Participant: 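Input: one structure, supplied below.
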Amino acid sequence: MPKLTLKQIRIKVGEAAEDVRPEDIDFVLAERLNLTPSEFELKQDMVLSEDQVKQANKDIKKLARGVSPQYILGYAWFLGYKIMVQRGVLIPRFETEELVEWALKSLKSGDKVLDLGTGSGCITVALAKEAEKKGINNLTLYASDITDSALRTSEENFLNYDLDVTTRKANVLIGLEKFDKIISNPPYIKTNEKQDMDKNVLQNEPREALFAGKDGLDFYKKFAKQVRDHLNGHGEFFLEFGFSEEEQLKELFAKELPDFEIEFRKDMAGKPRMVHGRW
């Protein structure tokens, strides 16, 4: 097998998987070679071993078939933490990192916290580990999801990070206890937005973690009716939502939760994306 440099294999992958985004190709190649993004750009003349070329060829085929890069690798990065993922579990999003950072600001030692619709468990992992760094201790951690595959994956991630987390199978909040903090990145995509979505997402990721009915609000309508029974006094929630849903959520929460202080926040891209509620 002829020797190939990183630059040559990068070109080869791009030609073989021309419908794949270049940043996805670079991400997979860099992760396989254990290179940071800057190292990846600086080491384009690096000669790959035979095994590395074989691995790249395998990855090319999967990328060309439309498999998401994170599922090819078996993990994603979330707030600096390596999170195991597999098909059937939502890939962590960068926007959700901002939700975790917001929730972290009000987290106190001894809080009982629920990661609602935990998926891979990325929110719980990041929240718990970042809390440790800030000296926030004795958290009681719960994580719930509607699917067994998500709960299995989340439990693997909790084990990897030596976290004591109680997992529960639940549809929104039904059957769960009371908490001081509830944090969630729930499904919020409108049914008619399917045509505008990335093909990779539709092909790979679980529909139940993405779509939430005609208006994208199925989860929030149930949550608003249930949340009082699942928050302790002065309890709080932090939710992510679709950037076009702010006005509808304002109306929903004004009607269902008039005694809550509600605050909306934009993400770094300037789009309304997060809501905080305090009883």
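Bear in mind the structure is a predicted one, so any value in this text is a computation, not a measurement. Positions are given from 1, in the same order as the sequence printed here.
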Participant: Test of understanding: with salt bridge (Lys or Arg N to Asp or Glu O under 4.0 Å), list the residues that count as partners of Lys62, not counting sequence neighbours.
Facilitator: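 With sequence neighbours excluded, Lys62 shows a salt bridge (Lys or Arg N to Asp or Glu O under 4.0 Å) to no residue whatsoever.
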
Participant: Output a table of donor-acceptor pairs, distance under 3.5 Å, between side-chain atoms of residues 118-127 and any protein atom two or more places apart or on a different chain; print 'none' if there are none.
Facilitator:
{"residue": "Thr118", "atom": "OG1", "partner": "Asp115", "partner atom": "OD2", "Å": "2.7"}
{"residue": "Ser120", "atom": "OG", "partner": "Cys122", "partner atom": "N", "Å": "3.3"}
{"residue": "Thr124", "atom": "OG1", "partner": "Asp115", "partner atom": "OD2", "Å": "3.0"}

Participant: I would like to know whether Glu246 and Lys250 meet salt bridge (charged side-chain N to carboxylate O under 4.0 Å, His left out); could you show each step before the answer?
Facilitator: CA-CA 6 Å; Glu246 182 180 18; Lys250 282 181 179 177; 3.6 Å; yes

Participant: Looking at Arg228 and Asp259, is there a salt bridge between them, counting it only when a charged N and a carboxylate O are closer than 4.0 Å?
Facilitator: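 Between Arg228 and Asp259 there is a salt bridge, with a charged N closer than 4.0 Å to a carboxylate O.
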
Participant: To check you understand the geometry: which heavy-atom pair defines the closest contact between Leu6 and Lys43, and what is its length?
Facilitator: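 That would be CD2-O, 3.5 Å.
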
Participant: Using every non-hydrogen atom in the two residues, find where Leu116 and Ser144 come nearest and quote the distance to one decimal.
Facilitator: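 Nearest heavy atoms, Leu116 then Ser144: CD1-OG, 3.3 Å.
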
Participant: For Asp45, enumerate each residue passing the side-chain contact (heavy atoms from CB on, under 4.5 Å) test, keeping only those at least two apart in sequence or located in another chain.
Facilitator: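 With sequence neighbours excluded, Asp45 shows a side-chain contact (heavy atoms from CB on, under 4.5 Å) to no residue whatsoever.
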
Participant: Tell me the closest heavy-atom pair linking Val172 and Lys222, and the distance in Å.
Facilitator: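 For Val172 versus Lys222, the nearest heavy atoms are CG2-CD, 3.9 Å.
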
Participant: Mind listing the closest non-hydrogen atom pair of Arg273 and Phe243 along with its distance?
Facilitator: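 Scanning both residues, the minimum pair turns out to be NH2-CD2, 4.0 Å.
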
Participant: Of all residues at least two apart in sequence or in a different chain, which pass the side-chain contact (heavy atoms from CB on, under 4.5 Å) check with Ser38?
Facilitator: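 Here the qualifying residues are Thr36.
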
Participant: Salt-bridge test for Lys112 and Glu177: reply yes if a basic N is under 4.0 Å from a carboxylate O, no otherwise.
Facilitator: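 A salt bridge is present here (some side-chain N lies under 4.0 Å from a carboxylate O).
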
Participant: Checking Glu132 now: which residues fulfil salt bridge (Lys or Arg N to Asp or Glu O under 4.0 Å) with it, not counting sequence neighbours?
Facilitator: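 Counting only residues at least two positions away or on another chain, Glu132 forms a salt bridge (Lys or Arg N to Asp or Glu O under 4.0 Å) with Lys129.
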
Participant: Hey, does Leu257 have a side-chain heavy atom less than 4.5 Å from the side chain of Phe237?
Facilitator: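 Side-chain contact under 4.5 Å: yes.
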
Participant: Identify, with sequence neighbours excluded, every residue that meets side-chain contact (heavy atoms from CB on, under 4.5 Å) alongside Asn34.
Facilitator: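 Listed in chain order: nothing, the list is empty.
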
Participant: Quick one: ring-ring contact (aromatic ring centres under 6.0 Å, His included) partners of Phe94, sequence neighbours excluded?
Facilitator: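 In terms of ring-ring contact (aromatic ring centres under 6.0 Å, His included), with neighbours along the sequence ignored, Phe94 is linked to no residue.
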
Participant: For Met268, is there any backbone N or O sitting under 3.5 Å from a side-chain donor or acceptor partner on Glu98?
Facilitator: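 Side chain of Glu98 to backbone of Met268: a pair is present.
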
Participant: Not counting sequence neighbours, which residues clear salt bridge (Lys or Arg N to Asp or Glu O under 4.0 Å) with Lys225? List them please.
Facilitator: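 Lys225 satisfies salt bridge (Lys or Arg N to Asp or Glu O under 4.0 Å) with Glu256 only.
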
Participant: Which pair of non-hydrogen atoms, one from Pro272 and one from Phe241, has the smallest distance, and what is that distance?
Facilitator: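 Heavy-atom minimum between the residues: O-CE1, 3.5 Å.
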
Participant: Can you tell if the side chain of Val275 reaches within under 4.5 Å of the side chain of Ile262, non-hydrogen atoms only?
Facilitator: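 In contact.
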
Participant: Got Val227 and Trp279 here, is their nearest side-chain heavy-atom distance under 4.5 Å?
Facilitator: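 The answer is no; the side chains never approach within 4.5 Å.
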
Participant: Report the distance from atom OG of Ser68 to atom CG of Asp24, rounding to the nearest 0.5 Å.
Facilitator: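 Spacing of OG (Ser68) from CG (Asp24) equals 7.5 Å.
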
Participant: Kindly give the heavy-atom pair with the smallest separation between Ser154 and Leu151, and that separation in Å.
Facilitator: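 Ser154 and Leu151 have their closest heavy atoms at OG-O, 2.8 Å.
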
Participant: State which residues pass ring-ring contact (aromatic ring centres under 6.0 Å, His included) with Tyr81; sequence neighbours excluded, sorted by chain then number.
Facilitator: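 Result, ring-ring contact (aromatic ring centres under 6.0 Å, His included) vs Tyr81: Tyr161.
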
Participant: Under 4.0 Å between a Lys/Arg side-chain N and an Asp/Glu carboxylate O for Lys54 and Glu50?
Facilitator: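 The answer is yes: the pair qualifies as a salt bridge.
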
Participant: Please test Thr5 against Gln44 for side-chain contact (heavy atoms from CB on, under 4.5 Å), starting from the C-alpha separation and ending with a verdict.
Facilitator: CA-CA 7 Å; Thr5 64; Gln44 289 297 299; over 6 Å; no

Participant: I would like to know whether Arg87 and Val67 meet side-chain contact (heavy atoms from CB on, under 4.5 Å); could you show each step before the answer?
Facilitator: CA-CA 9 Å; Arg87 280 190 172 179; Val67 181; 3.4 Å; yes

Participant: Nearest 0.5 angstrom please: Glu97 CD to Trp77 CH2, how far?
Facilitator: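 So the gap between those two atoms works out to 12.0 Å.
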
Participant: Does a side-chain heavy-atom distance below 4.5 Å link Ile60 with Asn57?
Facilitator: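 Answer yes - side chains close enough.
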
Participant: Below 4.0 angstrom, N of the basic side chain to O of the carboxylate: do Lys134 and Glu130 qualify?
Facilitator: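 Answer for the salt bridge query: no.
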
Participant: Using 0.5 Å steps for rounding, measure from the CG atom of Leu48 to the CD atom of Gln8.
Facilitator: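 Reported to 0.5 Å precision, the distance equals 9.5 Å.
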
Participant: Show, in sequence, the C-alpha distance, side-chain angles and deciding distance for Arg265 and Glu263, and conclude whether the side-chain contact (heavy atoms from CB on, under 4.5 Å) test is met.
Facilitator: CA-CA 7 Å; Arg265 185 172 287 191; Glu263 179 187 358; 3.7 Å; yes

Participant: If I take atom NZ from residue Lys181 and atom CG from residue Leu141, how far apart are they, to the nearest 0.5 angstrom?
Facilitator: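 Between Lys181 NZ and Leu141 CG, I get 12.5 Å after rounding to 0.5 Å.
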
Participant: What distance separates Glu236 CD from Ile183 CD1, expressed to the nearest 0.5 Å?
Facilitator: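 So the CD of Glu236 and the CD1 of Ile183 are separated by 11.0 Å.
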
Participant: Do Lys82 and Met84 come close enough that some side-chain heavy atom pair is under 4.5 Å?
Facilitator: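 Yes, at least one pair of side-chain atoms sits under 4.5 Å.
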
Participant: If only side-chain N and O atoms count, and only distance matters, is there a donor-acceptor pair under 3.5 Å linking Asp59 with Gln55?
Facilitator: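 Side-chain D/A pair, Gln55 to Asp59: present.
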
Participant: Roughly how far apart are Met274 CE and Thr96 OG1, rounded to 0.5 Å?
Facilitator: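 Separation between the atoms: 9.5 Å.
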
Participant: Is there side-chain contact between Leu139 and Leu107, with at least one heavy-atom pair below 4.5 Å?
Facilitator: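 A side-chain contact exists here, since the closest heavy-atom pair is under 4.5 Å.
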
Participant: With heavy-atom distances below 4.5 Å as the criterion, would you say the side chains of Ile72 and Arg32 are in contact?
Facilitator: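 Touching, per the 4.5 Å side-chain cut-off.
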
Participant: Please test Leu239 against Leu249 for side-chain contact (heavy atoms from CB on, under 4.5 Å), starting from the C-alpha separation and ending with a verdict.
Facilitator: CA-CA 11 Å; Leu239 308 177; Leu249 287 176; over 6 Å; no

Participant: For Leu159, enumerate each residue passing the side-chain contact (heavy atoms from CB on, under 4.5 Å) test, keeping only those at least two apart in sequence or located in another chain.
Facilitator: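 Per chain and number, Leu159 pairs via side-chain contact (heavy atoms from CB on, under 4.5 Å) with no residue.
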
Participant: Would you please name every residue forming a salt bridge (Lys or Arg N to Asp or Glu O under 4.0 Å) with Glu41, sequence neighbours left out?
Facilitator: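 If we apply the salt bridge (Lys or Arg N to Asp or Glu O under 4.0 Å) test to Glu41, skipping adjacent residues, the hits are Arg10.
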
Participant: Just checking, is any N or O donor in the side chain of Tyr75 or Glu31 under 3.5 Å from an acceptor N or O on the other one?
Facilitator: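 Side chains of Tyr75 and Glu31: pair found under 3.5 Å.
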
Participant: So Phe264 and Phe253, would you call those rings parallel, tilted or perpendicular, with 30° and 60° as cut-offs?
Facilitator: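 Ring orientation of Phe264 relative to Phe253: tilted.
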
Participant: Please determine which of Leu114, Leu231, Asp229 meets the side chain to side chain contact (heavy atoms under 4.5 Å, CB included) test together with Leu173.
Facilitator: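 Result: among Leu114, Leu231, Asp229, Leu114 is the only option passing the side chain to side chain contact (heavy atoms under 4.5 Å, CB included) with Leu173.
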
Participant: Is there side-chain contact between Leu35 and Met46, with heavy atoms separated by less than 4.5 Å?
Facilitator: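 Sidechains of Met46 and Leu35: in contact.
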
Participant: Going by ring pair (Phe, Tyr, Trp, His ring centres under 6.0 Å), name the pairs with one or both residues in residues 101-149, residues two or more places apart or in two chains.
Facilitator: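 Matches after skipping sequence neighbours: Trp102-Phe238, Trp102-His276, Tyr142-Phe179.
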
Participant: Examine distances only and state if a side-chain atom of Asp145 and a backbone atom of Thr147 form a donor-acceptor pair shorter than 3.5 Å.
Facilitator: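 It does hold such a pair.
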
